[in-house]
Amino acid sequence: MLDLKYIRENPELVRQGLLNKNAKDIIDEVLSLDEERRTLIMKTDELKSKRNQASAQIPIMKKGGEDTAPVLAEMKLVSDQITLLDEQLREVGNKLEDILRHTPNIAHSSVPVGKTAEENVETKQWLPSEFSFKNDFKVLDHIELGKKLRILDFERGTKISGSGFPLYTGKGATLERALLNFMLDYHLKHHGYTEVLPPILVNRESMEGTGQIPKMEEDMYFIEKDGLYPIPTAEVPITNIHRGEILTEKDLPIKYVGYSPCFRREAGSYGKESKGFLRVHQFNKVEMVKFVKPETSYDELEKLVVDAEDILQELKIPYRILLLCTGDLSFSAAKCYDIETWSPAENRWLEASSCSNFENFQARRANIRYRNETTKKPEFIHTLNGSGLATSRLMVSILENYQTPEGKIIVPKVLQKYTGFEIIE
RNA sequence: GGAGAGAUGGCAGAGUGGUUGAAUGCGGCGGUCUUGAAAACCGUUAAGGAUGUAAGUCCUUCCGGGGUUCGAAUCCCUGUCUCUCCGCCA
């Protein structure tokens with residue numbers, strides 16, 4: 001959520017920021033509601049003060065044997081007025097809150113201005129030694145490989161649940177598990193994260209805290225009977241670990257890494273993208289989440305990207321990094337890098353990770369603060385998260401890049417001690 | 001699922017209609033004492049909002065929401081959560 005005070009003090013800056021993010025310009029409406037709200041607050045506060053004074057007087061008068069009836073009658077009127085004004089105040093406050101909750105974060109100044117994904121900027125490309133974009137044999141795509149080697153069974157996944165719910169079998173299942181374990185272990189051992197294994201059904205407050213709701217509500221699964229949402233990413237439960245808390249400055253940065261399955265309805269996005277692993281309703285992901293002091297968050301974002309890159313370099317998977325332009329940023333993000341891995345069969349890059357700095361946008365919604373040692377005051381922290389990484393798209397790249405001309409798959413070196421086998425045939 | 005009890009400050013725990021934002025203890029912070037530390041003693045210790053250059057002043061908050069009342073931590077209704085007992089269960 002954007003800071004009302006900041007909007008009040010920098011209306012044009014925020015207006016431009018929203019424009020750059022292809023968002024609705026809400027500035028004039030917000031300013032006028034804010035004005036109205038403050039006027040009402042002044043009025044009610046004055047009346048409440050009056051009431052409080054009378055409340056202190058009444059028992060004293062009673063003790064002194066004075067007649068309190070006139071005061072009581074007057075205070076009755078005051079109370080009625082307060083009730084009335086409070087109601088108006090609540091209405092205005094709710095309207096304001098509703099607008100702000102539906103308004104996205106604005107981008108950091110280092111983010112390129114742009115309308116669509118076309119204007120994202122590639123900042124890096126990393127290719128393993130001896131890698132070539134051209135193959136001297138006919139490459140199979142991950143669906144063909146999965147079927148031939150009996151490691152992925154999309155048809156039966158569909159039978160069990162519906163399309164977009166992949167079934168891993170045999171060495172495919174083992175490979176997936178190996179990949180997850182490798183990623184978790186690596187972040188724990190080399191990057192200093194604390195492991196968490198969070199709940200995967202969360203309540204509405206948690207979804208609102210990280211900003212999936214209300215804007216993306218249609219893309220979320222929902223269990224009506226219990227009012228719970230299957231998480232679209234572990235970002236939700238992990239960021240909400242500290243919802244409503246005031247953290248100690250010396251504990252920062254707090255860095256969590258956790259595995260979870262992720263559930264997305266992907267409403268209305270069926271089509272070409274939806275075959276195999278490219279777009280699924282359930283996938284596995286290792287997520288990194290950081291709670292940091294505001295002044296460090298952009299350094300932490302760069303480190304977060306490197307943490308994700310390390311995994312790909314260990315796996316020797318070709319990838320590139322995109323700096324998303326303002327128009328392609330997600331609702332809550334102020335700056336975001338996407339990491340895309342190469343798919344030889346698709347002959348294109350596939351998004352496997354997204355590393356974002358939300359600044360205090362989520363912290364404000366979820367009320368996550370830390371006590372500033374210098375000012376002694378609670379201040380909103382900055383939250384970041386990044387996939388480290390999502391296995392579905394990554395698995396596409398692993399299978400396709402590690403295939404041999406005979407259609408076998410070599411297990412990446414770093415995964416072999418996890419799988420217990422070196423080749424899938 | 002059935003029956004009962006409860007939710008108060010960082011924590012523990014008083015408080016059943018009127019100067020209670022809240023006793024007391026612990027913890028934290030500052031000080032006295034000490035070569036230093038401990039102990040002891042003294043003081044201090046919530047968050048949000050409005051207003052103001054500021055000092056300050058005022059308002060709100062005792063799980064959430066609604067109600068009764070001149071006035072609610074305290075009474076009533078409701079939601080959520082926690083605990084105990086019974087049943088069921090991986």
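Excluded from the calculations below are hydrogen atoms, water molecules and symmetry mates; all remaining heavy atoms, backbone and side chain alike, are included. Note on naming: letters A, B, ... go to the chains in the order of the sequence lines (proteins, then strands), and numbering restarts at 1 for each one.
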How is A/R8 classified with respect to the nucleic acid when contacts are heavy atoms under 4.0 Å: base, sugar-phosphate, or nothing?
sugar-phosphate
Hey, is A/K5 close enough to A/E9 for a salt bridge, meaning N to O under 4.0 Å?
no
Per-residue pairing states of RNA chain B in dot-bracket (Watson-Crick or G-U under 3.5 Å; . unpaired, | other strand) read ((((((((.[[[..)..(.....]]]((((((.......))))))((((((....)))))).[[[[[..)....]]]]])))))))....
Note: A/K95-A/E29 ion pair, threshold 4.0 Å (strictly below):
no
Residues A/F263, A/Y229; criterion ring pair (Phe, Tyr, Trp, His ring centres under 6.0 Å); working and verdict:
CA-CA 9 Å; A/F263 303 91; A/Y229 297 81; over 10 Å; no
Closest-nucleotide ordering on RNA chain B, the 5'-leading residue of A/R90 and A/R371
A/R371
Considering only the P atoms, how many Å lie between B/rA47 and B/rU53, rounded to the nearest integer?
24 Å
Could you state the atom-to-atom distance from NZ of A/K5 to C1' of B/rG52 in whole Å?
13 Å
Answer yes when A/E12 and A/R15 have at least one side-chain N-carboxylate O distance shorter than 4.0 Å, and no when they do not.
yes
B/rG17 and B/rC62, which share atom name C1', separated by this distance in whole Å:
15 Å
If the plane angle is over 60° it's perpendicular, under 30° parallel, otherwise tilted; pick one for A/H281 and A/F165.
tilted
Report the distance from atom CZ of A/R51 to atom P of B/rC70, rounded to the nearest whole Å.
11 Å
Residues A/E119 and A/K115 bridged, charged N to O under 4.0 Å:
no
Close N or O pairs between protein and nucleotides 17-22 of chain B (under 3.5 Å):
residue	atom	partner	partner atom	Å
B/rG18	O6	A/K62	NZ	2.6

